[in-house]
Amino acid sequence: MNSRIWLIKSEPFKYAWENMLADGRTFWDGVRNHQAKNNLLEMRVGDFAFFYHSNEGMEIVGIVQVVREAYPDPTATEGPWVVVDVEPKLSFETTVSLAQLKADPICSGMALVRQSRLSVSPVTESEFNRICELANLNPAGFV
DNA sequence: GCCAACGTTGGC
DNA sequence: GCCAACGTTGGC
């Protein structure tokens, strides 16, 4: 597996997975945190990212794929902020809740769990595999 | 609605 | 450069 894995968060009432599916492709804007921005800068075309619903839902609902690497955020009037372009890759039939991740020995150490305010975070390969397992997915099917 | 975690701002 | 005050995010 050459791709790195990430996790991006969105509040469903601002931009839900359904919006992502409807748009087909979007630029991931609004990141105003340097750590999250640095993660965006490290994303490469072909990388995958889990799509997490924060606040409401609090679960991973799908996977997107990076289709364009970081470029200046068109919605930012100043500052070093960037966006990437992503496309929906697949919808989870079995979503994975935050409670499940917290209770899981592998996933309880995730940046998502430890740093709840970070909106773009890295996912390790073992976390990725475990989440696929919890979602009843075969990673070999799409990686 | 409350609060913990964390980032930012501004006085000194 | 420190730190108190304040704002925001997001889980509970």
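These numbers were taken from a predicted model, which means no experiment stands behind them. Computed from heavy atoms alone, side chains included, the values below leave out hydrogens, waters and symmetry copies.
Look at CG on Asn55(A): it is 5 Å from C1' on dG10(C), rounded to the nearest Å. To the nearest angstrom, P of dT8(B) lies 12 Å from CZ of Arg32(A). Rounded to whole angstrom, the span from the CD1 atom of Ile60(A) across to the P atom of dG10(C) amounts to 15 Å. Put simply, CG on Asn33(A) is 7 Å from P on dG7(B), counting in whole angstrom units. For Leu118(A) and dG11(C), the CG to C1' distance is 15 Å, given to the nearest whole Å. For Lys37(A) and dG7(B), the NZ to P distance is 14 Å, given to the nearest whole Å. Separating the NZ atom of Lys14(A) from the P atom of dT8(C) is a distance of 11 Å, rounded to the nearest angstrom. What separates CZ of Phe13(A) from C1' of dG10(C) is a distance of 10 Å, to the nearest Å.
Aromatic ring orientation, Trp81(A) versus His34(A): tilted (interplanar angle from 30° to 60°). Taking the six-membered ring where the residue is Trp, Trp28(A) and Phe51(A) present perpendicular rings, their angle passing 60° and hence far from 30°.
Residue Tyr52(A) has a polar side-chain atom (N or O) positioned under 4.0 Å from OP1 or OP2 of dG11(C).
Note that the CD1 atom of Ile131(A) and the CG atom of Leu7(A) stand 7.0 Å from one another [nearest 0.5 Å].
Taking the side chain of His34(A) as heavy atoms from C-beta on, and the options dT8(B), dG10(C), dG7(B), the nearest nucleotide is dT8(B). Taking every side-chain heavy atom of Leu98(A) into account, dC12(C) is the closest of dC6(B), dG10(C), dC12(C).
Ion pairing between Arg130(A) and Glu133(A) holds under the 4.0 Å rule for side-chain N and carboxylate O.
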